S.K.: 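Supplied in structure tokens, the structure appears directly below.
Because the structure is predicted, anything quoted here is derived from the model rather than measured. Atoms considered below: every heavy atom in the structure, side chains included; atoms not considered: hydrogens, waters and symmetry mates.
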Protein chains: 2
Amino acid sequence: MTDSSVTGLSRRERQILDILYSRGKATAAEILAALPDPPSYSAARALLRILEQKGHIRHESDGPRYIFLPKVSRQKARASALKHMLTTFFDGSAAEAAAALVDGSAAKLSSEELDQLQAVIDKARKEKSND
Amino acid sequence: MTDSSVTGLSRRERQILDILYSRGKATAAEILAALPDPPSYSAARALLRILEQKGHIRHESDGPRYIFLPKVSRQKARASALKHMLTTFFDGSAAEAAAALVDGSAAKLSSEELDQLQAVIDKARKEKSND
DNA sequence: ATGGTCATGCTAAATAATTAGCATGACCGA
DNA sequence: TCGGTCATGCTAATTATTTAGCATGACCAT
């Protein structure tokens, strides 16, 4: 896993890739609309071409237009993003990060969500005893 | 909270800010050493000057050299980074993100850490009942 | 006190990123 | 079938970023 998957992207490239990861897939027009401080359509297209050429995204044809998708799965991208976040902001501690998510003002978890998370913890405990 | 705090940085600027957030503070030489594909010392210095001018970092004097620090607290930077990560990779769900942290291959949590996290969840439940 | 080391600042050049312009082709409705 | 709309691709120019070079000053050891 190269670090350049994160650091190797220019600002616009990142913005576009973020949009694609949050939406799963999108047309050029949708991406343009979602871009902060949106440039011309041409500019967006050019970026998409570059991203594709670099191997970060691919496209499918949907009739007259293209649908763009990330080439690396959301799962994998997630994992590297989390890892990067851990080392940058949490001294590598997943526990602290998880706590910040539950505790943090950014989130209000429902009791259902708390239950789910509880289940994940219990599962982790169980797996631990099987070592 | 402007989005540009994230998207408004160039590649090198981000790399440097990440280093500063992960270490808390650093000298120019340390930052240079930590940079991926490190440029010249002069180049690193120039970036630091720009970041300072843009208001992202500041410096203190430690004898003959400067110590650079982020201007926005780690806490706040954390919060925006988490938020951004949630919307990009977890459909805004903090619960899913927390689960990924506990469950994910990126992390092996100790039972102590699991206990801590458990406590945070219990606390959240309790606060919920006080609504 | 002189030369080496290590820090700083500033500036200009090279490189990379971003942008818009224009050409082309498919399709649909008048 | 003609004209408008909306896609596409390619290319060149602008703008931003990144880079290294050089000057200066402090400090330490010879």
Side-chain angles (χ1 to χ4, degrees), chain A residues 2-21 23-71, chain B residues 2-21 23-71 84 88:
Chain A
T2 71
D3 174 83
S4 53
S5 59
V6 171
T7 57
L9 296 174
S10 74
R11 174 164 22 184
R12 280 300 197 200
E13 288 171 350
R14 253 179 312 116
Q15 290 174 345
I16 289 178
L17 214 48
D18 281 353
I19 290 166
L20 281 179
Y21 274 116
R23 307 178 55 126
K25 62 186 178 181
T27 65
E30 289 168 339
I31 288 166
L32 176 63
L35 277 174
D37 200 359
S40 69
Y41 183 82
S42 283
R45 290 305 319 286
L47 265 303
L48 286 167
R49 214 175 313 125
I50 290 167
L51 275 170
E52 187 154 23
Q53 196 178 315
K54 288 192 181 177
H56 295 292
I57 66 175
R58 62 190 180 85
H59 74 266
E60 297 171 352
S61 282
D62 170 42
R65 87 207 82 231
Y66 287 173
I67 291 185
F68 295 90
L69 319 90
K71 221 171 178 180
Chain B
T2 73
D3 173 82
S4 55
S5 59
V6 170
T7 58
L9 297 173
S10 73
R11 173 162 32 183
R12 279 299 196 204
E13 288 171 350
R14 255 178 309 118
Q15 289 173 347
I16 289 178
L17 213 48
D18 280 353
I19 290 166
L20 281 178
Y21 274 116
R23 308 178 56 125
K25 61 186 179 181
T27 66
E30 290 169 338
I31 288 165
L32 176 63
L35 276 174
D37 198 0
S40 69
Y41 183 82
S42 282
R45 289 307 319 287
L47 265 303
L48 286 167
R49 213 175 315 124
I50 290 167
L51 274 170
E52 187 155 23
Q53 195 178 316
K54 288 192 182 176
H56 295 292
I57 67 174
R58 63 190 180 83
H59 73 266
E60 296 171 352
S61 282
D62 171 42
R65 89 207 81 230
Y66 287 172
I67 293 185
F68 295 90
L69 319 89
K71 221 170 179 182
H84 185 251
T88 302

S.K.: Which part of the nucleic acid does A/S10 contact within heavy-atom distance under 4.0 Å: base, sugar-phosphate only, or nothing?
M.R.: sugar-phosphate
S.K.: Any side-chain to backbone donor/acceptor pair from B/E13 onto B/S10? Under 3.5 Å, distance only.
M.R.: yes
S.K.: Is it true that B/H59 and B/E52 share a donor-acceptor pair across their side chains at a distance under 3.5 Å?
M.R.: yes
S.K.: Can you tell which of D/dT19, C/dC10, C/dA7 lies closest to the side chain of B/A46?
M.R.: D/dT19
S.K.: Which comes earlier along DNA chain D counting from the 5' end, the contact point of A/A29 or that of B/A44, where each point is its nearest nucleotide?
M.R.: A/A29
S.K.: How is A/S40 classified with respect to the nucleic acid when contacts are heavy atoms under 4.0 Å: base, sugar-phosphate, or nothing?
M.R.: base
S.K.: How is B/R45 classified with respect to the nucleic acid when contacts are heavy atoms under 4.0 Å: base, sugar-phosphate, or nothing?
M.R.: base
S.K.: Could you check whether A/Y41 gets within reach of a base, just the sugar-phosphate, or nothing at all, counting any heavy atom under 4.0 Å?
M.R.: base
S.K.: So if I take every side-chain heavy atom of A/Y66 and compare against D/dT19, C/dG9, D/dT8, which nucleotide ends up nearest?
M.R.: D/dT8
S.K.: I want to verify a distance call: between D/dA7, D/dT19, C/dT19, whose nearest atom is closest to the A/P39 side chain?
M.R.: C/dT19
S.K.: Would you mind telling me which of D/dT17, C/dT18, D/dT8 lies closest to the side-chain atoms of A/I50?
M.R.: C/dT18
S.K.: With DNA chain C as reference, determine whether A/R11 or A/P64 sits nearer its 5' end, using the nearest nucleotide of each.
M.R.: A/R11
